[in-house]
Amino acid sequence: MSSSNQFNQGSRFLASKQRNEVDAKEEIFKIDGARIKPTEVKNSAGNTTFATNYGRWLEKHKKLICEIRSALKDEVVDDKLVFLIDIAMKHYLEFSEMETSAANFDVSNVAWCTTADQSLWWIGGFRPSQLLQVIVPQLQRSCSQQQLSDICNFVQSCEQVEYALARGMEKLHQILHNATTEGERGLKLTCALQQMRFLKQANDVRQEFLHRLRGLLTNSQYAEFLLGLWQRLYNPSSSL
């Protein structure tokens with residue numbers, strides 16, 4: 001079986017598994033910051049600060065993406081492209097830290113939703129395995145058979161980690177629902193702390209994902225991936 005077919009079959013397997021998760025009503029939560037607009041933010045100090053900081057982050061990242069796109073178009077030397085990629089990686093880390101800080105200020109920033117309510121979103125940001133399935137097909141022409149095989153294995157590895165965290169969140173959501181029903185304040189506080197742990201773990205997964213994927217792609221391929229990541233998740237003009 002060719003690596004390309006293997007990748008396509010792996011994608012169909014994960015898509016089928018996600019439909020099964022929807023049928024099982026598995027619950028996840030996300031922070032809406034990645035698509036937030038200042039006019040949509042609740043009137044609280046924490047949310048207002050986050051909206052302001054996010055707006056600045058978005059503008060800075062937009063300029064960075066433009067530089068990466070220009071560098072690819074001009075076929076600049078690898079050193080400059082590596083420099084821009086390094087900046088982008090650090091910038092995504094800044095977003096994770098900013099997001100976690102906002103949730104620490106007010107855990108109500110964390111909104112619960114079912115798997116059916118999202119596709120690329122997962123615990124305060126993007127879902128690595130799903131993001132790969134969306135963006136990698138755009139890179140298939142430039143990927144070798146070995147790269148496609150490695151990426152296919154990486155997709156399944158990401159999915160396993162996501163599934164484990166999602167299972168934990170499903171149990172936490174049930175506990176949170178019971179606490180809301182019974183009005184147990186102490187239990188609600190404990191659940192809020194657990195939500196924060198899940199968010200931090202998910203952010204760690206995303207950071208590890210970005211670093212590991214970089215090792216599977218060439219610099220130009222990874223730069224193309226970053227452009228796809230921006231277009232699919234953070235571009236305000238995107239249809240998502």
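Numbering of residues begins at 1 and proceeds along the displayed sequence.
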What's the shortest heavy-atom distance between [X] and [Y], and which atoms?
X: L81; Y: A223; value: CD1-CB, 4.0 Å
X: A71; Y: L84; value: CB-CD1, 3.9 Å
X: N219; Y: I85; value: O-CD1, 3.5 Å
X: S96; Y: Q207; value: OG-NE2, 3.5 Å
X: I135; Y: G228; value: CD1-C, 3.4 Å

Atom pair [atom1]/[atom2] of [X] and [Y] - distance to nearest 0.5 Å:
X: I68; Y: S220; atom1: CD1; atom2: OG; answer: 12.0 Å
X: L165; Y: R127; atom1: CG; atom2: CZ; answer: 10.5 Å
X: Q201; Y: Q194; atom1: CD; atom2: CD; answer: 8.5 Å
X: L213; Y: H211; atom1: CG; atom2: NE2; answer: 11.5 Å

Query - salt_bridge(D86, R214) N-O dist < 4.0 Å - result: yes
Query raised in the report: Under 4.0 Å between a Lys/Arg side-chain N and an Asp/Glu carboxylate O for K62 and E59?
Result: no
With heavy-atom distances below 4.5 Å as the criterion, would you say the side chains of [X] and [Y] are in contact?
X: M169; Y: W122; answer: yes
X: Q145; Y: L148; answer: yes
X: L72; Y: L227; answer: yes
X: N53; Y: R56; answer: yes
X: F209; Y: V161; answer: no
X: L233; Y: L131; answer: yes
X: V134; Y: F126; answer: no
X: E224; Y: Q138; answer: no

Under 4.5 Å between side-chain heavy atoms, hopping through other hydrophobics if needed: is there a path connecting [X] to [Y]?
X: L93; Y: L226; value: no
X: M89; Y: F83; value: yes
X: V82; Y: L216; value: no

Using modelled atom types only, decide if a donor and an acceptor are shared between the side chain of [X] and the backbone of [Y] within a distance under 3.5 Å.
X: W230; Y: C66; value: no
X: Y222; Y: L210; value: yes
X: E162; Y: S129; value: yes
X: S101; Y: E97; value: no

Query raised in the report: Between D150 and Q146, does any side-chain donor sit less than 3.5 Å from a side-chain acceptor?
Result: yes
Query - Q147 and Q221 side chains, donor-acceptor separation under 3.5 Å - result: yes
Query raised in the report: Could you go step by step and tell me if L217 and I151 meet the side-chain contact (heavy atoms from CB on, under 4.5 Å) rule?
Result: CA-CA 9 Å; L217 301 175; I151 291 172; 3.9 Å; yes
Query raised in the report: Can you say whether the rings of F95 and W57 are parallel (under 30°), tilted (30 to 60°) or perpendicular (over 60°)?
Result: tilted
Query raised in the report: What do the steps show when you test M196 against L199 for side-chain contact (heavy atoms from CB on, under 4.5 Å), and what is the final call?
Result: CA-CA 5 Å; M196 285 304 308; L199 173 61; 4.2 Å; yes
Requested in this report: Check the pair E99, Y54 against side-chain contact (heavy atoms from CB on, under 4.5 Å), reporting the backbone distance first and the verdict last.
Outcome: CA-CA 9 Å; E99 185 181 56; Y54 175 71; over 6 Å; no
Query raised in the report: Given P128, which of Q133, E159, R206, R212 fulfils the side-chain contact (heavy atoms from CB on, under 4.5 Å) condition?
Result: R206
Requested in this report: Using the side-chain contact (heavy atoms from CB on, under 4.5 Å) rule, take R69 and I65 through it: C-alpha gap first, then chi angles, then the decisive distance, then the call.
Outcome: CA-CA 6 Å; R69 183 179 291 108; I65 289 298; 3.9 Å; yes
